[in-house]
Structure formats: C-alpha cells, structure tokens
Amino acid sequence: MPALALTDLNNTFGLVKFYLAARSKGLKPIVGCDVFISNEADREQPFRLLLLCQSHAGYLRLCELLTRAFLENQYRGRPEIRKEWLQGGTDGLIALSGAHLGEVGTALLNGNHDTARQLALEYAGLFPTRFYLEVQRGGFAREELHLRETVKLAAERGLPVVATHPVQFLSIEDYKAHEARVCIAEGYVLNDKRRARSFNEQMYFKTQAEMAALFADLPEALLNSVEIA
C-alpha cells in the first residue's frame, strides 16, 4: 500500500513513532484522529467523527480541538469535541462521518432520514468539499442497512462515499490476544457472558484484495480512499 493512516481514539500519542516508521519504509503517513462529538441529548452516547490532516494548518487545528476537548469538555473522563467548535474553522481537515457510530449514521439507523439529510448538509458545510460519508463492513449489526441508506443519502445530496475498515489488530490470529487485553482494561474475564463485546475477529488489517472483494459492489467507495490519500 502506498499510504497508511493511524487514527487513535481522542489522541495522537502514537503519531511521531508512526510518522517516522512510515517515512523510513517509503509509505505516505496520513495523520488523523478518531474523535468523540458530544451528544447533547444523551451524554452517555457520544457520536464518532474521523478527522484527517490535509496540511500543517489542519494538524495544528486538530491539536487545538483535542486540547480543548481534554481541558474543557470531559465527560466521565472521556474528552469530547463540541460540534459548535468546528464553526471556528476546519481548514486543512478532512472529515469522515464515523460510519454507523457517527451522527449521520445513527440517524439513518434510527429511521430519521430527514434528520440524517440535514446533518449531512451541516457537516458538508463545516467541511466544504472535505466531508465523506463513511461505510464499513466490519461485522456489525445492521451494517448492510446502514450502507444501503448511506449510499442513497450520498446520491441524494451529491456527497462522496468512502469505505474504511475498523482495524484493531494485525492478523485474524491476534483476535484472542486482543480480547484478553480488552478484558484486562475493563476488569472482566474472557468467558464472562455479561461483558459487552465491542470487537470481532474481522477487525484485522485486511489486504487490498480483501477490501476489493468486500466492496466489490461499491468500487467508488474504495477509489475515494485513494483520493483522500
């Protein structure tokens, strides 16, 4: 692959090591971050948004947003960005909608199509020509419904769709070790039936061929990932 992105959740702590390692191997490093957007209606269920840096100015803006989230808007120890902060400017930042975890995707899955349309236009206004509706096939519930409705919305509003994959570990064999690590972090044992299972064995680093097969019916969504890179 000619380019690679690393998007930690709410931070860029791995950035320097990743950037140097990628450059040393001839890979284009893409700097970004998965962020939480505050859900004022239900603070327990924040939305997700994926921000990628298009330029040095975008990197500095991302740093400002993350710093402000840590200093001014933590909820239960979770730093969140308030959507109104984005009105202060997003130059140099590309935004992906957060797939089924984003504000647009959540509205679609809840059957609120008018709300989803309004939100898509709102984000497109905050990130002019730099907002993509994100779709994933990572083994989630109702992901095909989300994909179908997202593609329909994109066609209606003239917005681009991009396919991504939620990579949590390198190979499928790493799944059990990853689950053990999650249990350690959350204070559960592996066979506890009460624990929430947020990850599955499909969340490994898929090859280009695997992604092409996964989205054979939506090749333009893969092409847009190349365009972003």
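Reckoned from all heavy atoms, side chains included, excluding hydrogens, waters and symmetry mates.
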Mind checking the CD-CD spacing from Gln118 to Glu122? Nearest 0.5 Å is all I need. 9.0 Å
Using the rule that two of Ile, Leu, Val, Met, Phe, Trp, Tyr join whenever any of their side-chain heavy atoms come within less than 4.5 Å, decide whether Leu60 and Leu66 are in one cluster. no
For Leu145, is there any backbone N or O sitting under 3.5 Å from a side-chain donor or acceptor partner on Glu149? no
Going by the rule salt bridge (Lys or Arg N to Asp or Glu O under 4.0 Å), which residues pair with Lys206 if we only count those two or more places apart in sequence or in a different chain? none
Nearest heavy-atom pair of Ala116 and Leu108: which atoms, and what distance? CB-CD2, 3.6 Å
As an exercise, state the distance from CG of Leu109 to CD of Glu143, rounded to the nearest 0.5 Å. 10.5 Å
Holding to side-chain hydrogen bond (donor to acceptor under 3.5 Å, both in side chains), I want the full list of residues that pass it with Gln87, two or more places apart in sequence or in another chain. none
Whether over 12 other heavy atoms sit under 6.0 Å from Arg23 CZ: no
Can you see which heavy atom on Ala229 is nearest to which on Ala3, and at what distance? CB-CB, 3.9 Å
If a pair satisfies ring pair (Phe, Tyr, Trp, His ring centres under 6.0 Å) and one of its residues is in residues 1-59, list it, with sequence neighbours excluded. none
Is it the case that the side chain of Asp192 and the backbone of Tyr188 share a donor-acceptor pair, with hydrogens and angles ignored and the cut-off at 3.5 Å? no
Donor-acceptor side-chain pairing of Tyr123 and Glu103 below 3.5 angstrom: yes
Determine yes or no for a side-chain-to-main-chain donor-acceptor pair under 3.5 angstrom, with Glu210 supplying the side chain and Thr207 the backbone. yes
Close side-chain approach of Arg142 to His146, heavy-atom, < 4.5 Å: no
Drop me the distance from Glu84's CD to Ile37's CD1, to the nearest 0.5 angstrom. 9.5 Å
Verdict with supporting geometry, Glu80 and Arg82, salt bridge (Lys or Arg N to Asp or Glu O under 4.0 Å): CA-CA 6 Å; Glu80 298 177 359; Arg82 292 192 183 277; over 6 Å; no
Between Glu179 and Arg195, is the closest basic N to carboxylate O distance under 4.0 Å? yes
Would you say Leu65 and Val35 make side-chain contact, with heavy atoms under 4.5 Å? no
Met203 with Ile172, same ILVMFWY side-chain cluster at under 4.5 Å: yes
Going from CG on Leu133 to OG1 on Thr150, what distance comes out if it is rounded to the nearest 0.5 angstrom? 6.5 Å
Indicate the atoms forming the closest heavy-atom contact of Asp91 with Arg130, along with that distance. OD1-NH2, 4.0 Å
Please list, chain by chain and in numerical order, all residues satisfying ring pair (Phe, Tyr, Trp, His ring centres under 6.0 Å) with Phe199, sequence neighbours excluded. His178
Decide if the gap between the ring center of Tyr204 and the ring center of Phe169 is smaller than 6.0 angstrom. no
Over all atoms of both residues, closest heavy-atom pair of Arg43 and Ser38: NH2-OG, 3.8 Å
Please evaluate residues Asp114 and Arg117 with respect to the criterion salt bridge (Lys or Arg N to Asp or Glu O under 4.0 Å), reporting the C-alpha separation (whole Å), side-chain torsions for both, the decisive distance (0.1 Å), and the verdict. CA-CA 5 Å; Asp114 289 339; Arg117 291 187 193 99; 2.5 Å; yes
Are the side chain of Thr90 and the backbone N or O of Leu86 linked by a donor-acceptor pair below 3.5 Å? no
To the closest 0.5 Å, what do you measure between CG (Asn39) and NZ (Lys83)? 9.5 Å
Is there a path of hydrophobic side-chain contacts, each under 4.5 Å between heavy atoms, that joins Leu159 and Leu93? yes
Rounded to the nearest 0.5 angstrom, the CG-CZ distance for Leu119 and Arg157 is 11.5 Å
Counting only pairs under 3.5 Å, give me each side-chain donor-acceptor contact of residues 211-221, with atom names and distances, residues two or more places apart or in other chains.
{"from": "Asp217", "atom 1": "OD1", "to": "Arg137", "atom 2": "NH1", "distance (Å)": "2.9"}
{"from": "Asp217", "atom 1": "OD2", "to": "Arg137", "atom 2": "NH2", "distance (Å)": "3.0"}

Scanning both residues in full, the closest heavy-atom pair of Gly98 with Glu134 reads N-OE1, 2.9 Å
Check whether any side-chain heavy atom of Asn73 sits under 4.5 Å from a side-chain heavy atom of Arg68, and report yes or no. no
Using modelled atom types only, decide if a donor and an acceptor are shared between the side chain of Asn200 and the backbone of Gly138 within a distance under 3.5 Å. yes
Pairs where residues 4-15 contributes a residue and the test side-chain hydrogen bond (donor to acceptor under 3.5 Å, both in side chains) is met, not counting sequence neighbours: none
Contacts of Glu64 that satisfy side-chain contact (heavy atoms from CB on, under 4.5 Å) - sequence neighbours left out: Arg61
Applying side-chain contact (heavy atoms from CB on, under 4.5 Å), can you list everything that pairs with Ser24, at least two apart in sequence or on another chain? none
What pairs meet the ring pair (Phe, Tyr, Trp, His ring centres under 6.0 Å) rule with one or both residues in residues 81-121, with sequence neighbours excluded? His100-Phe140
Same cluster or not: Leu62 versus Phe131, using hydrophobic residues (I, L, V, M, F, W, Y) connected whenever any side-chain heavy atoms lie under 4.5 Å apart? yes
Go through the steps to decide whether Lys176 and Glu201 satisfy the test side chain to side chain contact (heavy atoms under 4.5 Å, CB included), and finish with yes or no. CA-CA 8 Å; Lys176 286 185 178 178; Glu201 62 182 13; over 6 Å; no
Residue set satisfying side-chain contact (heavy atoms from CB on, under 4.5 Å) with Glu173, at least two apart, ordered chain then number -> Ser171
By side-chain contact (heavy atoms from CB on, under 4.5 Å) - contacts of Leu170 (at least two apart): Asp174, Phe205
Using links of under 4.5 Å between side-chain heavy atoms of ILVMFWY residues, direct or through other members, which residues join Tyr132 in one cluster? Ile30, Leu50, Leu52, Ile94, Leu96, Val162, Ile228
